[in-house]
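The structure under discussion appears below in the form of structure tokens.
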Amino acid sequence: MRRFFRKRLPAFLLTLVMVMTMVPAVSARSSADLTYEVDRGESVSFSKRDFRSLYRNEYSGENPSYIVFTDYDDLDDYGYLTAKNYRDKTISLDESALDNTWFYYDSNDVPKDVDYALDDLTFEANRRADSGTLRLKFEIHGTDSKDYVSCTMDIKVGGGSGSSKGDITYTVKAGEEVAFDDEDFVNAYDNAGGSGTMKYVVFEKPSSDYSNAGTVYSRYGKRNATSFTRSELDDYKFYYGDSDYGDYDLDELSFVADKSFSDSIEIAFTAYGGRGSKENDSVSGTLKITSSKSASSSKGDITYTVKAGEEVTFDDDDFEKIYENSSCTGSFKYVEFSRPDSAFNNAGTLYSRYGKRNETAFTRSSLSSNKFYYGDSDYGDYDLDELSFVADRTFSGSITLNFTVYGGTGTRTNQNVTGTLVITTDKTGSSTAKGDVTYTVKAGDEVAFDGDDFKKVYDSSNCTGSFKYVEFSRPDSAFNNAGTLYSRYGKRNETAFTRSSLSGTTFGYDSYEDADYSLDDLSFVADRTFSDSITLSFTLYGGKNSKCDQSTTGTLVITTGTSAVTSRYVGNIRYNTTPNTALQINANDIARLFRKYTSGGSLQYLTLTSVPATGSLYYNYYNASKYGATRTQLTASMAGSMIFSYSPASASEYDLSELTYIPSGSNYCTALTFTGYSSIGTAVSATILISVTASPVSEVYSVTTKGTSVNFPANSVYSAVASATGFGFSSIQLLELPASTAGVLYVGSYAADTTSAYSYGNGTDSMGQLRFIPNSKFTGSVSIPYVALSSSGTALGAGVVSIGVVDSVKKFTDISTSTWCYKYVTELASANVISGYSNGTFQEKNTITYGAALKLIMLAAGYGEQAPTVKGSPFSGYLAKAKAAGLVSGNPKLNGPITRLQIAQIAAKALKLSTTGLPSKKPFTDTNDVYVQALNAAGIIEGYFSNGTSTYKPNNTLTRGQVSAIVWRMKNSVQ
């Protein structure tokens with residue numbers, strides 16, 4: 001009453017006023033004079049006219065002066081009032097602030113720093129308020145202090161249908177579970193202006209409706225599962241990321257609905273955060289959980305159907321029809337999507353220009369911040385007609401996107417209409433997934449990780465040094481319902497990893513001492529309800545010595561035992577031959593593989609760990625070698641005891657280059673395995689895969705421009721295999737994936753792997769779903785070897801798909817895709833290494849001149865363009881540079897032919913190949929030149945093999961096509 005007496009009335013009126021306020025109200029009524037309804041967490045504004053009408057019922061024709069609340073004891077239990085002061089600033093008012101506070105009917109009467117205007121007087125309901133009725137008593141006063149009316153107001157809280165939308169909204173079917181996503185709370189914190197980083201969430205005690213709706217759990221269905229009653233839920237802090245800030249991981253929470261659950265419940269929460277260790281910032285919000293029975297219809301204004309793992313393209317005309325069918329005038333111009341709910345995260349991804357240059361993926365947040373234009377880019381950020389949705393492999397059911405379509409006349413966009421887009425699954429869709437590493441586990445069982453699986457991914461990349469440890473990225477929320485990742489599961493020091501703790505931990509390979517846990521101690525224990533698959537992204541680190549300056553990324557997929565067909569053919573080195581044609585194992589192929597897997601280590605010898613199951617493997621098959629034994633057929637029982645030397649030092653040693661395979665039959669694949677060793681004991685185990693087909697399987701070649709994806713040429717592969725074997729195949733298994741520096745081979749929206757059988761056709765998990773997306777800056781050649789499988793999963797033969805990624809495709813009139821050197825010419829021409837004639841031809845059969853070959857070799861080795869030093873001699877600058885660099889001596893005739901020996905010598909010197917450490921046995925019988933041997937060891941040149949004898953023919957000349965193949969191999973060896 002302090003301000004009432006100090007500011008409103010003279011002292012002599014005090015007694016009069018006290019007496020008057022104790023007189024029963026003239027117009028008091030048994031029921032409320034005003035009634036309002038509001039849902040918990042929402043607000044309702046009072047109408048000035050309502051107060052004026054009540055006053056005029058007693059004092060006809062007059063306007064009131066102010067109102068004052070006289071009984072408001074329960075206000076704080078239900079909420080608070082807000083009003084505006086003389087500065088038009090909104091102020092919150094609880095019970096203590098209402099003592100003798102006046103609300104003026106005329107806002108111009110509000111005195112400075114005292115009281116408020118009746119305009120915009122609003123009641124804000126607490127989110128935690130129980131359903132009930134708040135009764136407030138008030139007086140409406142006129143200009144004469146004797147004229148007033150006593151009245152009552154009832155505010156029914158929670159009596160409506162419930163809030164239509166929470167700050168976070170989840171939908172769940174009766175009897176089922178919905179997982180919380182901590183990123184939703186982070187977004188709510190950030191969007192409400194929270195500073196720093198969100199640290200934890202505290203829930204308010206739910207209303208009594210909670211008891212009949214369901215239960216909130218931590219780690220539902222897992223070890224250490226915890227349920228929370230109404231009374232318990234508000235006793236705990238649920239932390240984001242760091243357990244120092246709470247009791248339970250926010251991302252391990254879920255709500256399990258009762259079987260009778262229908263309608264919805266709301267749980268108020270406060271998210272706390274700040275900077276550093278301070279928790280001085282908080283944001284309030286509402287989590288709404290609604291039954292799927294009350295969710296939107298499965299049919300929208302626009303409906304698209306898509307199979308799990310596949311793509312559906314948007315049609316902008318569908319949106320135009322929505323606009324045209326409305327009452328909007330003018331032309332349709334663009335569309336804006338509202339921010340989808342969290343179900344969008346587990347459904348798939350919305351793309352602009354999916355699989356094309358400038359491909360863009362949209363998150364929930366970024367989708368709502370862009371405009372998608374119809375026809376004219378002046379009205380938006382992306383072309384509506386280039387949008388598509390790629391469904392996740394686990395997508396089932398449907399998702400709904402709300403949108404607003406804008407249009408108008410001229411440049412004005414003042415007309416709009418809203419609608420819904422529903423994307424629903426095709427029940428025939430698949431739900432399988434694959435990764436760079438794939439493990440299969442039954443629901444409720446454990447699957448152990450193998451560190452060597454991750455090492456293979458590292459070794460197959462372009463990283464140098466040794467693989468040291470792996471880090472996993474933070475999984476998505478699907479991880480919570482799949483199972484748990486453990487270190488030393490069921491043993492002493494067992495450790496379970498949450499989504500948050502997994503991403504900050506290192507797992508070492510072998511004895512790498514700086515990691516937190518051993519990679520070989522990891523295992524995944526699937527929940528009993530686990531079905532389908534989950535994907536974990538990882539980064540592998542390694543390098544030379546103790547440095548971890550090399551890294552490559554990949555995906556681990558853990559899938560249930562009911563998923564796709566797998567195949568286990570392996571071919572680190574691959575050969576193709578035909579029936580009755582002997583195949584010579586190339587020792588240099590093994591030596592290069594050894595160097596690749598040991599970051600430069602040198603092969604000394606190897607032992608065989610198996611021999612081919614079909615056909616025969618011989619040592620000294622032609623009985624022409626001076627090393628080791630005479631012609632000997634190798635068997636499984638004896639092969640393991642023989643040591644094959646890369647560079648035999650005496651006649652008693654076995655020569656690795658004398659292994660010969662003799663086919664038996666046709667249209668099959670077989671393998672031999674080995675372990676190679678260096679002089680310091682470094683070991684590499686690998687497999688040689690041999691494909692035997694009726695005729696050679698042709699290489700399938702595709703070319704694409706930089707940054708543009710290319711579909712796997714499934715039909716061409718089918719034709720190549722059918723032509724070679726005489727049979728059609730059922731599926732293929734990939735033997736090797738493109739290096740991460742080149743790009744990623746996808747099947748649908750997932751990375752392809754080397755264990756799955758991709759069927760021939762256009763369905764999910766088919767060859768038709770394979771596509772290669774090159775890295776935006778990559779140019780070069782990509783090789784994808786494969787095995788073709790019959791319907792029973794048996795290999796019919798092996799082949800390779802090559803993809804050239806170029807800046808632009810330069811065409812020659814006499815070179816087509818059927819020309820044997822098309823790949824070499826196309827890629828080298830794009831790289832400006834080779835060029836044709838002024839008439840647009842390349843003339844691949846023409847003998848190449850010394851000068852032309854010299855230029856090509858130097859450009860491929862990294863030397864720049866050289867201007868002529870002699871007028872009229874276009875290659876004179878290259879000769880001058882070659883002499884200065886020690887590549888050439890003497891004065892060769894630049895217009896004359898070049899020999900195979902000369903080209904080998906120039907190329908080996910230009911690439912700076914070492915001539916030491918080469919095998920003691922010379923590869924060719926007609927030349928001992930070390931540069932020829934070095935270039936052969938590098939896999940850049942080959943010889944002519946016949947009946948045990950290999951020749952190089954050093955004095956032969958070469959055609960332009962032949963040199964393009966050599967130069968192409970040089971350029972790719974440099975890269």
Side-chain angles (χ1 to χ4, degrees), residues 2-4 7-8 32-57 59 62-129 132-143 147-160 162-167 191-193 268 283-286:
R2 53 184 172 80
R3 289 190 291 175
F4 183 88
K7 296 182 181 289
R8 301 287 183 265
D33 299 286
L34 298 177
T35 302
Y36 296 97
E37 291 187 358
V38 65
D39 290 333
R40 293 181 296 274
E42 296 196 357
S43 62
V44 58
S45 296
F46 306 149
S47 171
K48 285 175 57 173
R49 291 183 179 181
D50 291 340
F51 294 100
R52 186 182 66 180
S53 296
L54 290 174
Y55 187 77
R56 285 182 173 179
N57 286 338
Y59 302 99
E62 296 186 22
N63 286 336
S65 178
Y66 64 90
I67 73 164
V68 60
F69 288 93
T70 58
D71 187 354
Y72 37 83
D73 288 346
D74 295 329
L75 175 64
D76 288 352
D77 293 336
Y78 287 93
Y80 54 92
L81 299 178
T82 66
K84 289 185 178 180
N85 63 12
Y86 79 103
R87 293 175 176 169
D88 203 37
K89 182 178 180 181
T90 300
I91 305 297
S92 297
L93 306 169
D94 59 10
E95 290 178 8
S96 62
L98 288 181
D99 289 345
N100 194 41
T101 297
W102 292 8
F103 297 89
Y104 285 86
Y105 183 79
D106 187 343
S107 59
N108 294 321
D109 293 340
V110 179
K112 185 176 182 180
D113 294 328
V114 179
D115 300 326
Y116 306 95
L118 185 58
D119 303 68
D120 301 314
L121 181 61
T122 299
F123 172 75
E124 300 276 351
N126 288 337
R127 290 183 172 88
R128 67 177 183 276
T133 300
L134 168 65
R135 169 155 288 194
L136 301 176
K137 295 181 180 180
F138 59 93
E139 294 174 354
I140 310 173
H141 287 260
T143 53
D147 299 338
Y148 73 96
V149 180
S150 296
C151 304
T152 57
M153 175 193 299
D154 281 352
I155 304 175
K156 296 181 179 180
V157 179
S163 171
S164 62
K165 185 180 184 299
D167 298 290
N191 292 337
V283 165
S284 296
T286 305

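Among residues two or more places apart in sequence or in another chain, the salt bridge (Lys or Arg N to Asp or Glu O under 4.0 Å) test is passed with Asp120 by Lys84. Not counting sequence neighbours, the partners of Ser43 by the side chain to side chain contact (heavy atoms under 4.5 Å, CB included) test are Thr122, Glu124. By the side chain to side chain donor-acceptor pair (under 3.5 Å) test, Asp71 pairs with no residue at all, sequence neighbours left out. Scored by the ring-ring contact (aromatic ring centres under 6.0 Å, His included) test, Phe46 finds Tyr36 as partners (sequence neighbours excluded). With sequence neighbours left out, the side chain to side chain donor-acceptor pair (under 3.5 Å) criterion links Asp109 to no other residue. Taking the side chain to side chain donor-acceptor pair (under 3.5 Å) definition, one finds that Arg52 meets it with nothing, sequence neighbours left out.
For the atom pair OH (Tyr55) and CD (Glu139), the distance works out to 12.0 Å, reported to the nearest 0.5 Å. Interatomic distance, CG of Asp147 versus CD1 of Ile140, reported as 12.5 Å (0.5 Å rounding). Atom CE of Met153 and atom CG of Leu54 lie 9.0 Å apart (nearest 0.5 Å). Atom CZ of Phe138 is separated from atom CG of Asp33 by 6.0 Å, given to the nearest 0.5 angstrom. A distance of 7.5 Å separates CG of Leu136 from CZ of Phe123, quoted to the nearest 0.5 Å. Atom CZ of residue Phe69 and atom CG of residue Leu93 lie 9.5 Å apart, to the nearest 0.5 angstrom.
Put simply, the side chain of Arg56 never gets that close to the backbone of Asn63: no donor and acceptor are under 3.5 Å apart.
Closest heavy-atom contact between Tyr80 and Ser92: CE1-OG, 3.8 Å. Heavy-atom minimum distance, Arg135 versus Asp154: NE-OD1, 2.8 Å. Minimum heavy-atom separation, Ala83 to Leu121: CB-CD1, 4.0 Å. Of all heavy-atom pairs spanning Phe51 and Ser47, the tightest one is CD1-O, 3.2 Å. Taking both residues in full, the closest heavy atoms of Thr133 and Lys156 are given as OG1-CG, 3.7 Å, listed atom of the first, atom of the second, then distance. Looking at every heavy atom in both residues, Ser96 comes nearest to Asp94 through OG-OD1, 2.8 Å.
Using the six-membered ring where Trp is involved, Tyr66 and Tyr104 have ring planes that are tilted, between 30° and 60° apart.
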request  = Dump the intermediate steps for side chain to side chain contact (heavy atoms under 4.5 Å, CB included) on Leu81 and Leu98, then the final yes or no.
outcome  = CA-CA 9 Å; Leu81 299 178; Leu98 288 181; 3.9 Å; yes
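Look at Lys48 and Asp119 and you find a salt bridge, because one of the NZ, NE, NH1 or NH2 atoms lies within 4.0 Å of a carboxylate O, short of that distance.
Between the side chains of Tyr72 and Asp99, at least one donor-acceptor pair of N or O atoms lies under 3.5 Å.
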